[in-house]
Every structure is written in C-alpha cells, then in structure tokens.
Number of protein chains: 2
Amino acid sequence: MRIGELSRRTGVPVPTIKYYLREGLLPAGELTSPNQASYGEGHERRLRLVRALLEVGGLSVAAIGEVLAAVDDKDGPVHELLGAAATRLVPEFGDGGRGGGREADSRAGGDGGGAPDAETVLARDRVARLIEARGWRIEPGNKAAEALVAALASLARVGHGGFVDLLDDYAEAAERVGRTDLDYVARRVAREDLVEAVVVGTVLGDAVFAALRRMAQVDASAQMFGEEAPRA
Amino acid sequence: MRIGELSRRTGVPVPTIKYYLREGLLPAGELTSPNQASYGEGHERRLRLVRALLEVGGLSVAAIGEVLAAVDDKDGPVHELLGAAATRLVPEFGDGGRGGGREADSRAGGDGGGAPDAETVLARDRVARLIEARGWRIEPGNKAAEALVAALASLARVGHGGFVDLLDDYAEAAERVGRTDLDYVARRVAREDLVEAVVVGTVLGDAVFAALRRMAQVDASAQMFGEEAPRA
DNA sequence: CATGAATGGATAGCGATGCTGTCCGCTATC
DNA sequence: GATAGCGGACAGCATCGCTATCCATTCATG
C-alpha cells in the first residue's frame with residue numbers, strides 16, 4: 001500500500017502522514033525504489049493509534065513520539081516496561097499538556113523546583129499517608145504520585161482543601177479500575193501488544209472514565225436536585 | 001490591592017494578569033482613579049482558579065472563559081446550572097483540547113457529522129445499553145455520553161474493541177465517584193460556590209483520579225509482574 | 001513510449017494559542 | 001518633584017500541529 005491509500009483508509013491527509021513520518025510517529029515505509037515506499041497494516045494500525053492518542057487522549061505529538069518509542073523498545077523486564085510506559089503518560093495530564101516548561105517564574109506553582117510551598121508540603125504528606133494506608137507499592141518520586149500532589153496542592157490553593165476528604169473514596173474506585181485495567185492488559189501475550197494495551201488503556205481509559213464520571217454526576221445531580229423526572 | 005501585589009501573591013506575571021483581564025477571565029478591578037484600579041480577594045481567588053484550570057485541568061483560555069461565565073450566571077434552576085457547567089467541561093477532553101475544530105476532513109473520525117461509521121454505531125448502542133442498565137437519568141445527546149461514544153469508537157478503531165468489557169467495572173467506579181462528588185458539592189450553600197465546586201471538582205477531580213489510577217496500576221503491575229519487592 | 005497523476009523528500013509558511021514586551025500618559029508616594 | 005508603579009493599548013513572539021509548494025522520480029495507462 002502506498003501513502004495515498006493509507007490516507008484514504010484512515011482519513012488522515014497525505015501531508016499529515018508525511019509530517020508524522022518526519023516526526024517519527026510512524027516508521028518509514030519499505031522502500032521499493034529510491035523514491036517509492038510501501039506501507040503495511042502495521043502502519044495503518046499505528047497511524048490509527050497516533051490519531052486516537054492525539055484526538056481522544058489529548059497527547060502532544062512529542063509525547064506520542066516518546067510513548068511510541070517505549071512501545072517499540074523491546075528490552076527490560078515487563079514490570080519496568082509497563083511502569084515506564086505508564087509514567088510517560090502522566091505529565092500531559094499533570095500540567096495541562098499545552099505550552100509547557102515554564103516553571104521557573106511561577107513562585108506559587110509549587111511543583112518541581114526549589115522551595116515547595118505549604119500546600120505542596122501538606123499534599124505530599126497526605127499522599128504519602130494514602131499510599132501507606134493502601135499498601136500501594138509505589139516508589140517515592142513516582143510521577144503519578146507527584147501529579148497527585150500537584151493536583152491536591154492546587155485544590156488547596158483554590159480554596160478547596162476539603163476535597164482531600166474524598167481521596168479515600170477516589171482511591172477505592174481507582175484501585176478497582178486499576179485492577180480491571182491490569183486484567184485487561186494481562187490478556188496480551190506478545191510484549192509489544194502488552195505495552196500498547198497499557199498505552200491505549202491508560203490514555204483512552206482516562207477519557208472513558210472521565211466521560212462516565214460526568215454521566216454519573218449528571219445522574220446523581222438529577223436524583224438530588226431535580227426530583228421531578230427529567231424532561232425526556 | 002493593585003495589580004503588582006496580585007501578581008506577587010499568586011506568582012502570575014503582571015502582563016499575564018492583564019491578558020486575563022482582556023480575555024474576561026478576570027473581572028476588571030474597581031477603578032479608584034481614571035487609571036488606577038484596585039483588586040480584592042475575589043480577584044485573587046478567581047486568578048488562582050484560572051491558573052488551576054489551565055495548568056492542572058488543561059482547559060484552554062477560551063473554555064475557561066465560558067465556564068466562568070456559567071459560574072457567574074446566576075439564573076436558572078440548580079440542576080440545570082450544574083448540568084450546564086459540567087457539560088461545558090466535556091469537549092476539552094473529548095477532542096484532546098488542543099488545536100481543535102477540524103472535523104470536516106477526517107472521514108474516519110466518526111464524531112459529529114454526517115455518516116457515522118460502524119464503530120460509532122456500535123459504541124452508541126453499547127452506551128445506550130449501559131445507561132439503561134444503570135438506570136442513569138441522562139438525556140439523549142448528552143455531551144459526556146457522546147464523548148464516551150467517541151472514546152469507545154476510537155478504541156474499537158485501534159483494535160481494542162475488547163476494552164468495552166471493562167465498561168461495567170468502570171461505570172461502577174464512576175458511579176461511586178460521582179456520588180462522592182455530589183456529596184461534596186452539596187455541602188455548598190451559596191449557589192455561586194456550588195457551581196464553582198462543580199467546576200473545580202470536575203476538572204481537578206479528573207486529574208486527581210487519573211493520577212490515582214496510574215498509581216493503582218503501578219501497584220497492580222507490581223503485584224502481578226514484579227514478585228520481588230520493588231527496589232525501594 | 002509518451003503523458004499525466006501520484007510519490008518521496010525537503011522546506012517554507014500558516015493559523016491558533018498563550019503569553020510577553022514596549023510604549024504611553026498618569027498617579028501614588030517619598 | 002523625582003521615582004516607581006499603574007492601567008490600557010497594541011504589536012510581537014514561541015510553540016504546535018499541520019498545510020502548501022516544489023522538485024525529480026516513478027508508476028499506471030493508453
């Protein structure tokens with residue numbers, strides 16, 4: 001298959017595919033002539049994956065590049081591989097995914113740098129206690145944990161420090177979902193499939209859960225405030 | 001307080017604050033002279049909220065504008081208000097939140113437009129059955145439900161149609177979290193606080209849950225693959 | 001084997017986004 | 001009255017995700 005058909009099948013414009021090739025999101029096609037390449041089903045699959053991570057997952061092109069590099073990296077123990085893949089998916093959500101890298105000038109940001117503020121210290125302590133209480137085997141400095149710290153600190157700064165009271169419920173639900181995820185992932189046999197499942201499950205799973213949470217909220221809100229039936 | 005102190009307190013550069021003022025994310029300060037304004041605690045609070053939605057929530061400036069308009073809108077029944085606020089928070093996650101608005105040229109996108117593809121049709125059906133089974137009171141065409149449809153269709157397209165098997169578990173967890181959220185929200189008395197709680201809870205709650213899910217996955221993965229203790 | 005469309009590859013440009021920098025005339029404060 | 005900061009307007013900038021243009025080559029078709 002040549003680039004035109006790849007484009008037709010996936011709905012992605014040819015110049016965009018070329019762009020992804022340049023950025024390394026898509027491996028080069030097999031050259032049949034000095035300037036003629038052919039693409040296979042793997043390319044199509046990969047391309048769809050890229051689009052899904054972009055459109056549904058909200059990852060940046062650069063982030064997708066890193067993640068896919070991890071997917072294609074065939075070394076290391078499985079657990080670490082999964083951890084690496086999952087870890088790389090965090091920051092996109094941790095800092096909003098847009099723009100990026102301006103941390104030096106936000107004194108109240110309280111994230112990485114030098115002098116953590118009061119909210120961050122408290123949040124870090126709370127997270128540590130949560131991990132302890134749950135018995136989670138998480139290495140200190142884990143990026144997801146750091147993202148959680150940042151989110152909690154942010155909540156506190158916004159005057160919603162009370163939100164931490166919900167943490168246990170959230171954690172309970174997350175644990176359930178996390179187990180489910182792992183079961184799903186564990187069905188894979190080939191290592192590459194496995195890592196891909198982690199990526200897909202993590203990124204699109206976030207979107208799925210977020211949507212479900214909104215729906216559940218709407219229902220809960222209907223129950224609580226709109227005693228009359230909805231206008232359906 | 002003048003703009004300089006507002007900047008010092010929040011860590012947001014003065015020109016950025018001016019920019020937010022221009023964009024309507026922040027109400028104008030009270031003019032004490034033709035060219036001298038003073039800002040209060042409300043401004044500081046609002047500014048922190050804006051930054052949190054931007055950095056942790058990943059919302060665009062434009063989206064924040066709309067959401068804040070909803071927060072400040074004091075009419076309409078509570079339930080609808082909540083729905084409106086929550087609804088406005090969906091698309092950011094549904095399409096990745098970046099760039100945006102290019103749906104006409106992606107034939108395989110399967111979202112809004114004219115001819116929904118097979119994956120979308122199946123996903124829509126699955127979602128309808130889920131809502132039915134759960135007894136959720138959700139109006140047809142709800143944006144969160146549409147986002148879920150899009151995410152499931154995307155999963156199918158990527159070859160992870162099997163992911164739908166996890167839906168019930170996800171929904172169960174989401175329901176739990178949704179109830180928790182509503183309890184939290186219901187503590188508010190003033191209507192404005194209430195809507196703000198919805199916004200904060202929804203947006204930052206996503207970040208919190210996503211982080212917790214990653215952590216739970218790491219733990220589950222450790223249990224499953226790394227029988228030896230982690231290198232802590 | 002001539003012709004037109006498509007290809008691979010390279011480079012430049014575009015539109016949106018989230019700021020940032022500069023300038024102005026004014027004001028508050030010392 | 002000097003100096004710092006202010007509000008307001010507007011132009012500019014860096015990043016991102018494409019998109020457009022160009023070129024020589026190759027393929028499909030008659």
Side-chain angles (χ1 to χ4, degrees), chain A residues 1-8 10-39 43 47 50-55 57-66 92 95-106 109, chain B residues 1-8 10-39 43 47 50-55 57-66 92 95-106 109:
Chain A
M1 156 171 40
R2 282 177 304 203
I3 203 173
E5 190 177 347
L6 191 55
S7 166
R8 239 167 290 120
T10 58
V12 179
V14 170
T16 303
I17 298 178
K18 286 184 174 186
Y19 167 63
Y20 292 159
L21 285 166
R22 256 177 285 143
E23 297 298 313
L25 302 194
L26 219 48
E30 194 190 347
L31 284 179
T32 62
S33 316
N35 65 343
Q36 208 76 176
S38 99
Y39 306 88
H43 288 92
L47 181 52
V50 167
R51 294 299 278 196
L53 295 182
L54 260 178
E55 296 178 355
L59 268 66
S60 70
V61 166
I64 294 175
E66 285 182 39
E92 277 301 312
D95 78 355
R98 211 173 289 94
R102 216 170 316 85
E103 19 192 286
D105 62 344
S106 77
Chain B
M1 146 175 44
R2 280 172 306 197
I3 204 173
E5 188 174 351
L6 191 56
S7 167
R8 238 168 291 119
T10 59
V12 179
V14 171
T16 303
I17 296 178
K18 287 184 174 184
Y19 167 64
Y20 293 158
L21 285 166
R22 256 177 286 143
E23 297 299 311
L25 302 192
L26 218 50
E30 194 188 349
L31 284 177
T32 60
S33 319
N35 65 344
Q36 209 75 182
S38 97
Y39 305 88
H43 288 93
L47 181 52
V50 166
R51 294 298 279 195
L53 295 183
L54 260 178
E55 297 178 357
L59 268 65
S60 71
V61 166
I64 294 176
E66 285 182 36
E92 278 301 314
D95 79 352
R98 212 172 286 96
R102 217 167 315 84
E103 16 193 287
D105 62 343
S106 76

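A, B, ... follow the sequence lines: proteins, then strands. Residue 1 opens every chain.
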Discussion item. According to side chain to side chain contact (heavy atoms under 4.5 Å, CB included), who are the partners of A/P27, at least two apart in sequence or on a separate chain?
Written reply: A/H43, A/R46
Item to complete: Applying salt bridge (Lys or Arg N to Asp or Glu O under 4.0 Å), name anything that partners B/E23, two or more places apart in sequence or on another chain.
Response: none
Worksheet item: Can you list, by residue number, the residues of residues 19-29 of chain A that have a non-hydrogen atom closer than 4.0 angstrom to DNA chain D?
Response: A/Y19, A/Y20, A/R22
Fill in: Under the ring pair (Phe, Tyr, Trp, His ring centres under 6.0 Å) test, residues paired with A/Y19 that sit two or more places apart
none
Worksheet item: When you check the phosphate oxygens OP1 and OP2 of C/dA28, does a side-chain N or O of B/S33 lie under 4.0 Å from one of them?
Response: yes
Worksheet item: Rounded to whole angstroms, how far apart are CD on B/E55 and P on C/dG18?
Response: 12 Å
Worksheet item: Paired with C/dC30 by Watson-Crick or G-U wobble geometry, both distances under 3.5 Å: which nucleotide is it?
Response: D/dG1
Worksheet item: Among all residues two or more places apart in sequence or in another chain, which pass the side-chain hydrogen bond (donor to acceptor under 3.5 Å, both in side chains) test with A/E5?
Response: A/R9
What N/O pairs connect the protein and nucleotides 3-7 of chain C at under 3.5 Å? Give each pair on its own line.
residue	atom	partner	partner atom	Å
C/dT7	OP1	A/G4	N	2.9

Fill in: Nearest-angstrom distance from the residue atom CG of B/L53 to P of C/dT17
17 Å
Worksheet entry | D/dT19 phosphate, OP1 or OP2, under 4.0 Å from A/T16 side-chain N/O | yes
Item to complete: Output all residues satisfying side-chain hydrogen bond (donor to acceptor under 3.5 Å, both in side chains) with B/Y20, sequence neighbours left out; order by chain, then residue number.
Response: B/R51
Discussion item. Rounded to whole Å, please give me the gap between NE2 in A/H43 and P in C/dG8.
Written reply: 11 Å
Worksheet entry | Rounded distance (Å) that lies between atom C1' of D/dC27 and atom CE of A/M1 | 18 Å
Worksheet item: Which distance, rounded to the nearest 0.5 Å, do you find between the CG of B/L47 and the OG1 of B/T16?
Response: 9.5 Å
Discussion item. Could you measure the distance from the CD1 atom of B/I17 to the CD1 atom of B/I3? Nearest 0.5 Å is fine.
Written reply: 5.0 Å
Worksheet entry | Protein-nucleotide distance (B/L31, atom CG; C/dT27, atom P), rounded to Å | 12 Å
Item to complete: List for me each residue that meets salt bridge (Lys or Arg N to Asp or Glu O under 4.0 Å) alongside B/E66, sequence neighbours excluded, and say none if there are none.
Response: none
Worksheet entry | From A/L21 atom CG to A/L6 atom CG, the distance as rounded to the nearest 0.5 Å | 8.5 Å
Practice prompt. Find the distance B/L47:CG to C/dG18:P and express it as a whole number of Å.
Written response: 16 Å
